[in-house]
Amino acid sequence: MDTVAQRILWFLPMLWLGMVLAISFLEAPLKFRAPGVTLPLGLGIGRLVFRALNAVEAALATLLVLAALIVTPGPVTWSWLGVAVALLAIQILVVRPPLTRRADRVLAGENLPRSHAHYWYIGVEVAKVVALLGLAIAAAP
C-alpha cells in the first residue's frame, strides 16, 4: 500500500501541473484569439472550463493529502503540499468569486472597463506551478 501511495504522491502533482499549464497558460489565452469568439462567449467557456478545472484540482488535492497521510513523508513534502492546497483554496474562495461576479455582469450585457483581477488569478497559478513542481520533486520515489 505504501508503494502505491508513494507513486500517487509523485504522479498526481505532475498530472495536476499538466492540467494547470495546459488550461491556464495555453487554452485560456488562445481561446480569445480564435475567430468568432466574442468576449461573452469566451467568458462563458472560461467559466465552465475553470469551474471544472478547480473541481478536478480539489479532487487531486484531496487524493494527495490522503496519500501523504498513508506515506507520512518528510516536512519538505508536507510543506509543498500545504502550499499547493492553500493556493488552490485562495483561488477558489478569494480570487474566483470577484471574477465570477464580473463575468456575470459582462454576460448580462454591461460594458465594463478592463479589469486587472485576472492578474491575481495568474499570479496564484504561477505560484501553484512552482508548488506543484516542488511537491513532485520532494515526493519523487
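As the structure is a prediction and not an experimental result, all values here were calculated from the model.
Within the structure, no pair that satisfies the side-chain hydrogen bond (donor to acceptor under 3.5 Å, both in side chains) test touches residues 59-70, not counting sequence neighbours.
Between Tyr121 and His118, the distance from one ring center to the other does not fall under 6.0 angstrom.
Counting only heavy atoms from C-beta outward, the side chains of Val4 and Arg7 never approach each other to under 4.5 Å. Looking at Leu135 and Leu64, their side chains come closer than 4.5 Å, going by heavy atoms from C-beta outward. Contact check for Lys128 versus Val83: no side-chain heavy atoms found under the 4.5 Å cut-off.
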Q. What's the verdict on side chain to side chain contact (heavy atoms under 4.5 Å, CB included) for Arg102 and Leu43, showing C-alpha distance, side-chain angles and the deciding distance?
A. CA-CA 10 Å; Arg102 186 177 194 291; Leu43 289 175; 5.5 Å; no
Q | Step-by-step side chain to side chain contact (heavy atoms under 4.5 Å, CB included) determination, Phe50 to Leu99 | A | CA-CA 11 Å; Phe50 279 96; Leu99 291 173; over 6 Å; no
Q | Worked verdict on Leu30 versus Arg33 for side chain to side chain contact (heavy atoms under 4.5 Å, CB included) | A | CA-CA 5 Å; Leu30 289 178; Arg33 293 187 180 144; 4.1 Å; yes
Q: Might you work through the side chain to side chain contact (heavy atoms under 4.5 Å, CB included) test for Leu132 and Trp80, ending with a clear yes or no?
A: CA-CA 7 Å; Leu132 292 169; Trp80 285 117; over 6 Å; no
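Under the 4.5 Å side-chain contact rule for hydrophobic residues, Val85 and Leu69 share a cluster. In terms of hydrophobic clustering, with Ile, Leu, Val, Met, Phe, Trp and Tyr side chains grouped at heavy-atom distances under 4.5 Å, Leu112 and Phe32 are assigned to a common cluster. Both Ile122 and Leu93 are members of a single hydrophobic cluster when ILVMFWY side chains are connected at heavy-atom separations under 4.5 Å. If you chain together hydrophobic residues whose side chains sit under 4.5 Å apart, Leu88 and Tyr119 fall into the same group. With hydrophobic clusters built from ILVMFWY side chains whose heavy atoms lie under 4.5 angstrom apart, Val106 does not share a cluster with Leu48.
A distance of 8.5 Å separates OG1 of Thr38 from CD1 of Ile45, quoted to the nearest 0.5 Å. To the nearest 0.5 Å, atom CD1 of residue Ile90 and atom CZ of residue Arg96 are 15.0 Å apart. Between the CG atom of Leu81 and the CG atom of Leu9 there is a distance of 7.0 Å, given to the nearest 0.5 Å. Rounding to the nearest 0.5 Å places CG of Leu60 at 6.5 Å from CG of Leu63. Separating the OG1 atom in Thr100 from the CG atom in Asp104 is a distance of 6.5 Å, to the nearest 0.5 Å.
Taking Arg105 as the reference, Glu110 meet the side chain to side chain donor-acceptor pair (under 3.5 Å) condition, with sequence neighbours excluded.
Residue Trp78 places its CH2 atom among more than 12 non-hydrogen atoms of other residues, nucleotides or ligands, all under 6.0 Å distant.
Residues Gly36 and Leu41 share a closest heavy-atom pair of O-CD2, 4.1 Å. Between Ile8 and Ala67, the closest heavy-atom pair is CG2-CB, 3.9 Å. Between Pro73 and Ala68, the shortest heavy-atom distance links the atoms CD-O, 3.2 Å.
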Which atom pairs, donor and acceptor, lie under 3.5 Å between side-chain atoms of residues 10-24 and protein residues at least two apart or in another chain?
unit_1	atom_1	unit_2	atom_2	d
Trp16	NE1	Glu57	OE2	2.7
Ser24	OG	Glu125	OE2	2.2

